[in-house]
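Quantities reported herein were computed from a predicted structural model and do not represent experimental measurements. Reckoned from all heavy atoms, side chains included, excluding hydrogens, waters and symmetry mates. Reminder, nothing fancy here: chain letters follow the sequence lines and each chain counts from 1.
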Amino acid sequence: MQYKILKKNKYQDFVKGLIEDYNFIGPTKKDKSVHDFVPLNSIEELDTNYLKTTIPPAKKILFPPNEKLIEYEIGDEIKVKPVIESSETVLFGINAWDINGMNFLDKFFSKDFVDENYWDKRDKLTVIGMDTEPTENNFALSMDTEYATDGFDLYLHDLGDRYFVRVNTPKGNELVEKYVDFDDASENDFKDFDKYMDDYRAQFSNKVNIKSFYDNFEMIYNDEEFWKKIAKNCFSCGSCNLVCPTCFCFNVKDDLKLDLKTGEKTREWDSCMIPEYGLVAGGHNFRPNKENRLKQRYRCKLKTYFDKFGQYACVGCGRCIEACLAKINIAEDINSVKKEVNV
Amino acid sequence: MTIEAKEKEKDSIYKPFIATIKGIKELSSTEKQFDIQIDDKETREAFNFKPGQFVELTVFGLGEAPFSIPSSPNNKDYFELCIRNVGNVSGALHKMKEGDKVGIRGPFGKGHFPYEEMKDNNVVIVAGGLGMAPVRSLIKYVLENRDDYKRVIIIYGSINPDYLLYKDELEEWQKRDDVEVRLTVDEPCEGWQGEVGVCTNLIPGIDCPVDESYVVVCGPPVMYKFVIKELEKKCFKPEKVFLSLERRMECGVGKCNHCHIGDKMTCVDGPVFSLWEIRNLKEAI
Ligand SMILES: Cc1cc2nc3c(=O)[nH]c(=O)nc-3n(C[C@H](O)[C@H](O)[C@H](O)COP(=O)(O)OP(=O)(O)OC[C@H]3O[C@@H](n4cnc5c(N)ncnc54)[C@H](O)[C@@H]3O)c2cc1C
Ligand code: SF4
Ligand code: SF4
């Protein structure tokens with residue numbers, strides 16, 4: 001890691017250079033309250049001061065909602081071809097918890113089998129992070145994801161009159177040397193950065209006791225009344241899965257084109273909260289109840305992958321809380337375990 | 001970025017290789033056996049599976065489904081599948097003919113039957129219905145290396161005698177004096193010589209010492225709870241009891257997530273698990 005300073009008056013030229021040279025994806029305002037990450041052609045469209053993005057930026061790029069995996073041709077022989085396509089892309093303005101969400105996906109898509117459809121895009125992605133204001137539902141601080149230690153090339157922290165820049169990779173360093181002059185960070189800059197992080201962390205008001213949830217999960221897992229109570233209002237709509245930066249479930253479908261000679265296999269996002277998720281041929285359903293689906297979702301988010309990777313599959317972004325019409329609140333549910341254990 | 005991820009060559013884990021249906025045989029009114037030969041010679045030779053593993057089979061234009069491999073791992077030229085006609089992919093397969101092409105990925109499953117570890121032990125097989133498919137590979141292997149194992153006891157139950165799979169082989173095994181075969185059906189027909197009732201009923205009669213015995217269980221989802229209860233009553237060692245589980249799968253390579261049971265994934269951690277691994281996983285049984 002190297003530490004640099006980017007003066008505010010040089011920021012515009014730096015970004016313009018990137019937009020000029022790369023397929024550049026950044027946040028832009030969609031309506032009053034929501035931003036979206038889309039390919040941008042001018043700096044005027046870029047707005048890094050966002051509060052909410054519904055669809056997580058990294059997941060959208062690396063694991064798109066619909067993705068062709070295989071193409072085939074049926075003739076005298078059957079020819080099968082993998083579809084792995086991507087181009088060099090700069091992802092600009094992603095925040096720390098979403099970078100940490102991507103870090104989770106990096107681990108997941110390398111475990112047991114390497115998923116090249118994911119990794120080919122990931123290898124060609126240059127990630128430039130920036131802090132954003134947490135919403136009142138965001139509990140990233142409790143999940144240790146308000147700060148990213150890895151997974152980015154450059155990270156720009158806004159100290160007011162200048163950016164404190166963390167350079168994490170040689171690829172990031174190339175960009176630092178390419179467009180405008182960056183200065184080395186001085187002792188003073190480090191001191192200001194330290195103070196900046198204190199102030200930034202103080203903005204996270206939503207706190208969860210994740211350790212207690214983790215420690216007591218296996219006990220509470222068997223408490224059917226507890227899960228019935230928290231899943232009572234769930235519509236099984238799956239919105240919580242769609243907006244989550246770490247959800248990775250998918251279905252694969254196989255379609256023959258109208259010529260009946262060519263076809264493709266595509267994957268599309270699925271949701272572990274919908275009833276069909278565990279349904280198999282013959283009508284048996286391995287997870288027919290919504291309380292069982294919710295508890296498996298919480299297990300996946302807050303237990304399984306902490307055991308496997310040392311990282312939770314929840315970064316505390318709060319998106320699922322905001323997306324849920326039934327007002328199911330993962331942060332409150334995490335904390336309710338502590339209450340349950342204490343009675 | 002992980003180093004392993006970068007070093008792997010760019011080939012897709014979702015790409016099937018092409019194989020040909022070399023033979024088809026009716027096993028019951030709902031199940032057929034398919035002999036599958038991988039077209040490419042090099043791939044065929046590299047295709048080494050262990051009893052309990054499965055493949056993902058594609059019917060192009062329709063989809064893919066996981067199937068256990070019931071044949072012996074010693075048969076290198078082709079492998080067999082035993083497929084029940086229940087849905088899209090399986091239904092389409094039942095309409096296919098010899099010479100037709102399918103796609104194959106695999107073999108998959110880190111969890112297989114521990115046939116090496118089982119040597120010098122008694123082998124008890126408890127199968128229900130289609131559960132015979134995955135355990136048959138193990139039975140074949142054990143019988144091909146008969147001297148390495150002590151007693152071999154096969155308990156097999158089905159709804160009625162027609163639904164018993166591999167009837168010729170069952171007869172053959174019954175004739176051998178080094179295999180003990182106990183068959184049971186829910187609905188006997190005239191002249192039925194075996195037992196009547198569920199296969200769970202036959203577990204109390206198993207008379208081999210538990211610390212020298214491995215038990216292997218495979219059957220429909222409802223069967224496990226009852227079989228395990230009976231095995232536990234007899235004090236079989238949970239680390240020596242192996243169960244082959246089935247869940248919905250969309251990928252077979254630990255990515256689509258549908259086959260999660262608690263913290264385990266059936267496709268990569270299983271599909272064979274020891275009872276010790278899963279007895280506290282509420283959803284498993
Ligand atoms: C490890 C494993 C081993 C299996 N071994 C055999 C076997 O040896 N013989 C056999 O006849 N069947 C076996 N099955 C079940 C077999 O995969 C289903 O019967 C088959 O998928 C039915 O799918 P379909 O496409 O015909 O039905 P559809 O109704 O069209 O199913 C659609 C899709 O849902 C999924 N699906 C549906 N049912 C199941 C199921 N029971 N298990 C897993 N996924 C399912 C599959 O992805 C399938 O393609 C096995 C399943 C697993 C998980
Ligand atoms: S928890 Fe909320 S968002 Fe998720 S499935 Fe239930 S109702 Fe839908
Ligand atoms: S589970 Fe909810 S809070 Fe956690 S990462 Fe997913 S969307 Fe964000």
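Around CD of A/Glu224, the count of heavy atoms belonging to other residues, nucleotides or ligands within 6.0 Å does not exceed 12. Within 6.0 Å of the CZ atom in B/Phe226, the count of heavy atoms belonging to other residues, nucleotides or ligands does not exceed 12. Within a 6.0 Å radius of NZ in A/Lys257, more than 12 heavy atoms belonging to other residues, nucleotides or ligands are found. Under a cut-off of 6.0 angstrom, the local environment of NZ in A/Lys303 is crowded, with over 12 non-hydrogen atoms contributed by other residues, nucleotides or ligands.
The backbone N or O of B/Phe60 sits nowhere less than 3.5 Å from a side-chain atom of A/Asp254 that would complete a donor-acceptor pair. Judged purely by atom type and a 3.5 angstrom limit, B/Glu250 uses its side chain to pair as donor or acceptor with the backbone of A/Val252. A donor-acceptor pair under 3.5 Å links the side-chain atoms of A/Gln296 to the main chain of B/Gly262, judged by distance alone.
If you measure heavy-atom distances from A/Leu260 to chain B, you find no contacts under 4.5 Å at all. In this structure, no portion of A/Asn103 lies under 4.5 Å from any heavy atom of chain B. Heavy-atom distances place the backbone of B/Leu62, and not its side chain, under 4.5 Å from chain A. Only the side chain of B/Pro221 comes within less than 4.5 Å of a heavy atom of chain A; its backbone N, CA, C and O stay farther away. Contacts between B/Asp269 and chain A at a heavy-atom distance below 4.5 Å involve the side chain alone, from C-beta outward. In this structure, chain B has a heavy atom under 4.5 Å from the side chain of A/Glu218, while its backbone stays farther away. Using a 4.5 Å cut-off between heavy atoms, B/Val59 touches chain A through its backbone atoms (N, CA, C, O) alone. Contacts of A/Phe108 with chain B are made by both backbone and side-chain atoms, with heavy-atom separations under 4.5 Å.
You'll find the side chain of A/Asp112 stays beyond 4.5 Å of the side chain of B/Cys267, heavy atoms only. Side-chain contact between A/Asp115 and B/Tyr14: present, with at least one pair of heavy atoms (C-beta onward) separated by less than 4.5 Å. Contact annotation: the side chain of A/Lys111 never approaches that of B/Val268 to less than 4.5 Å [non-hydrogen atoms, C-beta and beyond]. Looking at B/Asp39 and A/Glu77, their side chains never come closer than 4.5 Å, going by heavy atoms from C-beta outward. Using a 4.5 Å heavy-atom cutoff, the side chains of A/Pro82 and B/Asp11 are in contact. Residues B/Cys251 and A/Phe250 are in side-chain contact: their nearest non-hydrogen atoms beyond the backbone lie under 4.5 Å apart. Using a 4.5 Å cut-off on side-chain heavy atoms (C-beta onward), B/Asn257 and A/Cys272 make no contact.
Donor-acceptor pairing under 3.5 Å is recorded for the side chains of B/Thr58 and A/Lys265. Side chains of B/Arg248 and A/Asn251: a donor-acceptor N/O pair is present below 3.5 angstrom, by distance only.
Of the listed residues (B/Ala65, B/Pro16, B/Gly87), the one with the most heavy-atom contacts under 4.5 Å to chain A is B/Pro16. Of all the listed residues (A/Leu279, A/Asp255, A/Ile74), the one sharing the greatest number of non-hydrogen pairs under 4.5 Å with chain B is A/Leu279. Each of B/Glu246, B/Lys101, B/Arg247 has some count of heavy-atom pairs under 4.5 Å with chain A, and the biggest count is that of B/Arg247. Considering only heavy-atom pairs separated by less than 4.5 Å from chain B, the leading option among A/Tyr221, A/Tyr277, A/Tyr305, A/Phe248 is A/Tyr277. The candidate with the highest count of non-hydrogen atom pairs below 4.5 Å against chain B, out of A/Asn222, A/Asn117, A/Asp307, is A/Asn222.
Scanning all heavy atoms of the two residues, the minimum distance from A/Phe109 to B/Lys255 falls at CD2-CD, 3.8 Å. Across every non-hydrogen atom of A/Ile70 and B/Lys15, the tightest pair is CD1-CA, 3.3 Å.
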- Query: Stepwise, does the side-chain contact (heavy atoms from CB on, under 4.5 Å) test hold for A/Asp270 with B/Cys256?
  - Reply: CA-CA 9 Å; A/Asp270 194 16; B/Cys256 83; over 6 Å; no
- Show your reasoning for whether side-chain contact (heavy atoms from CB on, under 4.5 Å) applies to B/Ile18 and A/Lys79. CA-CA 8 Å; B/Ile18 305 299; A/Lys79 287 199 194 100; over 6 Å; no
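Checked against the 6.0 Å centroid criterion, the rings of A/Phe113 and B/Phe108 qualify as a close aromatic pair.
Under the 4.0 Å criterion applied to side-chain N and carboxylate O atoms, A/Lys308 and B/Asp263 are not assigned as salt-bridge partners.
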